[in-house]
Amino acid sequence: MPAAIMLREHGGPEVLRPETVSLGPPGAGELRLRQTAIGVNFHDCYVRSGLYRTLSLPGIPGLEAAGIVEAIGPSVTGFAPGDRIAYVEPRYGAYAEARLLAADRAVKLPETVSDQDAASLLLKGLTAELLLHEVQPVGPGDTILAHAAAGGVGRLLCQLASHLGATVIGTVGSPAKAAIARAAGCAHTILYREEDFVARVREITAGRGVQVAFDSVGRDTFTGSLACLALRGHLVNFGQSSGAVPPFEVSRLAAGSFRLSQPIMFHYLTGRAELERIADRLFARLATGVLTAERGAAYPLREAAAAHAALESRSATGALLLVP
Ligand SMILES: NC(=O)c1ccc[n+]([C@@H]2O[C@H](COP(=O)([O-])OP(=O)(O)OC[C@H]3O[C@@H](n4cnc5c(N)ncnc54)[C@H](OP(=O)(O)O)[C@@H]3O)[C@@H](O)[C@H]2O)c1
């Protein structure tokens with residue numbers, strides 16, 4: 001029977017405990033997958049703590065992984081046993097040695113992309129692609145602000161935005177993370193735990209502000225991000241690593257005809273064709289070096305709690321993995 005991390009109650013990392021689960025054959029439209037690498041995302045911490053009540057308990061958390069198809073169910077086309085695939089699955093279940101998966105969530109991996117890179121990059125890379133192409137396209141002449149610029153999504157966002165020609169200002173929690181952010185294309189970095197990032201952004205942009213602020217930190221940075229915007233600027237609040245943003249008076253947007261959005265990646269990946277199109281673009285960017293995998297620590301699956309503790313302590317860099 002395969003091992004899995006079962007969440008039976010909300011709480012700290014210690015509630016992530018290994019168990020064994022039974023797994024039947026794949027049903028219609030399903031694949032049975034032996035997983036080789038599992039991506040850890042900040043979203044998983046919200047699910048574990050209970051901030052997000054999107055997984056019914058008891059349940060297996062985790063949104064993304066890579067692995068090998070072991071068996072296919074009736075009516076599955078386009079996949080065969082032995083295929084290497086990766087997936088993002090909003091219905092969770094990724095923290096497991098093996099699982100059943102709806103085939104329409106899976107993408108085949110090209111030879112150029114390893115299982116570990118796929119598991120560490122698929123969700124975060126798709127998010128960066130969607131933020132910079134669908135939510136708010138950026139290009140030459142734009143100056144943008146990206147918080148947590150050395151983080152999983154943040155580093156990829158900075159790489160892609162600078163490749164697209166934007167000038168990127170990245171905030172980071174330590175000098176070591178500033179070096180990572182600069183290597184990812186940030187023209188300027190700000191140590192936002194020590195410096196007033198609003199004042200620094202105004203200084204860097206000669207008082208104009210930024211066209212876009214990509215804010216995944218939430219509570220601690222939201223007000224400052226708004227204050228960094230140029231006229232008609234766009235605050236894209238796509239995460240809340242420091243906590244949820246408190247209620248907000250919409251009329252504050254009128255101060256600069258600002259725009260505010262809270263995009264969710266899965267709302268932009270509504271069909272199979274969309275998933276394949278954007279995943280292909282992501283894999284091509286990896287193959288050409290526009291985006292690079294910078295894997296963080298890899299933990300045995302049974303030590304998922306340690307991975308969550310590292311992510312929440314802000315000590316982690318790169319994308320964390322669980323290995324079954
Ligand atoms: N909307 C979507 O569809 C979508 C998709 C993917 C991810 N996300 C969101 O994007 C964010 C980044 O996800 P990720 O998995 O790549 O994580 P991550 O950025 O690698 O980790 C979070 C980072 O946030 C910063 N941070 C600032 N205040 C923090 C605090 N109080 N506690 C913990 N961290 C704090 C830390 O960087 P510093 O030390 O540099 O401050 C930390 O490393 C998350 O909020 C996630 O939910 C949203």
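In each ligand, atom 1 is the first atom listed, and ligand 1 is the first ligand listed. Because only heavy atoms are used, hydrogens play no part in the values below, and waters and symmetry mates are left out as well, while side chains stay in.
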Is the contact between S174 and ligand 1 made by the side chain, the backbone, both, or neither, using heavy atoms and a 4.0 Å cut-off? neither
Do P263 and ligand 1 have an N or O pair less than 3.5 Å apart? yes
With backbone taken as N, CA, C and O and side chain as the heavy atoms from C-beta onward, which portion of L123 lies under 4.0 Å from ligand 1: side chain, backbone, both, or neither? side chain
In terms of heavy-atom contacts, R32 and G24 come closest through NH1-O, 3.8 Å
Mind checking whether F266 contacts ligand 1 via backbone (N, CA, C, O), side chain (CB onward), both or neither, at a 4.0 Å heavy-atom cut-off? neither
What do you reckon, does K124 have a nitrogen or oxygen under 3.5 Å from a nitrogen or oxygen of ligand 1? no
Any idea which protein heavy atom is nearest atom 21 (O) of ligand 1, and the distance to it? F42 CD1, 3.6 Å
Closest approach of Y268 and P263, non-hydrogen atoms and distance? CE1-CB, 3.9 Å
Relative to ligand 1, is E312 under 4.0 angstrom through side chain, backbone, both or neither, heavy atoms considered? backbone
Report the part of K177 in contact with ligand 1, treating N, CA, C, O as backbone and CB onward as side chain, heavy atoms under 4.0 Å; options are side chain, backbone, both, neither. side chain
Closer than 4.0 angstrom, basic N to acidic O: yes or no for E97 and R302? no
Measure Q240 to ligand 1 on non-hydrogen atoms and call it side chain, backbone, both or neither using the 4.0 Å cut-off. backbone
To which protein heavy atom is atom 36 (C) of ligand 1 closest, and what is the distance rounded to 0.1 Å? R314 NE, 3.8 Å
In terms of residue, atom name and distance, what is the protein heavy atom nearest to atom 19 (O) of ligand 1? G151 CA, 3.6 Å
Listed by chain and number, what are the ring-ring contact (aromatic ring centres under 6.0 Å, His included) partners of Y192, not counting sequence neighbours? H147
Note: I5 and L301 closest approach over all heavy atoms is CD1-O, 3.3 Å
Using every non-hydrogen atom in the two residues, find where L164 and P140 come nearest and quote the distance to one decimal. O-CD, 3.3 Å
the protein heavy atom lying closest to atom 7 (C) of ligand 1 turns out to be V153 CG2, 3.7 Å
Can a donor-acceptor pair be found between the side chains of R193 and S174 at a distance below 3.5 Å? no
Output a table of donor-acceptor pairs, distance under 3.5 Å, between side-chain atoms of residues 100-113 and any protein atom two or more places apart or on a different chain; print 'none' if there are none.
| residue | atom | partner | partner atom | Å |
| --- | --- | --- | --- | --- |
| R105 | NE | V88 | O | 3.2 |
| K108 | NZ | G78 | O | 3.0 |

Got the closest protein heavy atom to atom 9 (C) of ligand 1, with its distance? F238 O, 3.6 Å
Heavy-atom contact under 4.0 Å between G154 and ligand 1? no
Which segment of T127 sits under 4.0 Å of ligand 1 when only heavy atoms are counted: side chain
